[in-house]
Amino acid sequence: MSNPAKKPNAIIFGGLNTCSRALAALLVPLDGERLVSVLAKPKVEYKQVNLTVAAAVASSFDPPEGHDTYDYVFDFTGEIRHDRTEMIQINTTFNVARLIGLEAAKRKIKSYVRVQQPFYDTSNASKATHTEKEDVKPMDTLGIWWHETLRMLAAIEDLNLVILRIGFAYGPYTNHGIVASGITVASVYGYLKKPMKSVWSPGKNANNTVHIDDVAGASLACAEWIASYGRAAANSVAGEEIIFHNDKKKVKEVKGMPAHDQKLVAPLFNLLMDDNVEDINEHHVGGWTEMILASKPPIPNTPLSAYMDKFALSKHVVAFNNAKVKEVVGYKLKHPEFNHETIKEVVDKWKEEGTWPILD
Ligand SMILES: *[C@@H]1O[C@H](CO)[C@@H](O)[C@H](O)[C@H]1NC(C)=O
Ligand SMILES: *[C@@H]1O[C@H](CO)[C@@H](O)[C@H](O)[C@H]1NC(C)=O
């Protein structure tokens with residue numbers, strides 16, 4: 001940012017239950033100096049478009065009249081449900097990112113930050129944590145297509161791509177994912193005054209987590225970082241090979257999928273908490289136990305569910321090392337620990353929006 005008066009404009013792709021809300025709040029804080037100049041009126045434009053349609057993606061990049069073109073693109077898209085067919089996974093994860101990535105490259109966007117969910121299994125390796133250099137295996141069909149999406153984006157040469165590979169995200173308004181179910185289920189055990197039982201138990205296996213404020217903060221730090229380098233220089237400083245983990249037959253079937261033997265490199269950073277996850281257990285939720293008993297007002301509808309699907313019930317080991325993002329990008333975690341206080345913040349926001357039982 002050579003001209004300090006000119007602040008970058010940004011587009012965030014991804015629903016409100018992703019990290020988009022936290023990033024928007026960071027870019028356009030309610031008070032204090034704005035990090036990114038936004039539309040004067042309204043400051044933030046919210047749009048719903050069908051991102052599987054190329055023309056809709058292209059028009060999202062058109063700035064409102066009288067405003068400069070966008071500088072940064074944050075891609076938080078992708079299907080997160082494991083029960084979707086492979087066809088849907090391809091359409092809503094791979095194809096959506098492909099359309100956004102191609103358009104961003106065409107418009108010479110300065111930064112394209114792709115958030116990669118932790119759909120990997122690191123349990124078969126002997127090491128405790130895994131750096132960006134190590135080959136880790138994507139988990140399930142969902143993980144395979146999220147990973148393939150990285151190869152496809154890496155193959156777009158002119159794309160100023162940075163990949164941020166995160167731990168299990170949690171935070172205010174994040175009502176999905178295994179951390180949210182973990183907190184909810186744990187509270188039920190707490191209410192029943194029984195020790196938490198589960199096929200897998202957080203804390204026993206390494207399960208990296210990350211607060212959504214840190215996903216937002218690191219996304220912005222990475223955007224600024226690559227904007228100053230450009231892709232080629234960023235590749236030479238922080239490029240990692242994205243190794244093929246798909247079925248070779250798919251290359252012919254799926255439009256835009258790079259050949260299996262194409263060597264693809266992109267800047268990649270792990271992002272997760274410094275500490276291993278503490279147990280999500282009755283100790284943390286003890287204080288909330290009573291709330292479930294007699295909520296006032298009652299909670300007829302809540303997106304929070306104590307139901308754990310097959311994915312949530314299966315054992316996960318996700319253990320990455322986060323030294324690189326600290327060293328190369330200089331990012332410092334705002335919430336380095338997953339503890340009582342951070343869980344309380346999440347639950348307090350759920351209470352505010354009326355999705356969590358409240359006691360007097
Ligand atoms: C989005 O567009 C695709 C392709 O045209 C279509 O199949 C799908 O139904 C649309 N989705 C929504 C939610 O409108
Ligand atoms: C996926 O996309 C293809 C090609 O655009 C389309 O023919 C197909 O109906 C889509 N399938 C689903 C399940 O969305």
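Every number for a ligand or one of its atoms is a count from 1 in the order of the listing. Residue indices begin at 1 and follow the sequence shown.
The backbone N or O of Glu79 lies less than 3.5 Å from a partner atom in the side chain of Thr93, making a donor-acceptor pair.
For His147 and Tyr120, the gap between ring centers is short of 6.0 Å. In this structure, the ring of Phe119 has its center less than 6.0 angstrom from the ring center of His82.
For ligand 1, the atoms closer than 4.0 angstrom to any heavy atom of Asn50 are 1 (C), 2 (O), 3 (C), 8 (C), 10 (C), 11 (N), 12 (C), 14 (O). The Thr52 neighbourhood of ligand 1 comprises atoms 1 (C), 2 (O), 3 (C), 4 (C), with distances under 4.0 Å to a heavy atom of that residue.
The pair Arg107-Glu103 meets the salt-bridge criterion, with a side-chain N (NZ, NE, NH1 or NH2) lying under 4.0 Å from an Asp/Glu carboxylate O.
Distances from atom 5 (O) of ligand 1 to the heavy atoms of Val53, Asn91, Leu51, Thr92 show the closest one on Val53.
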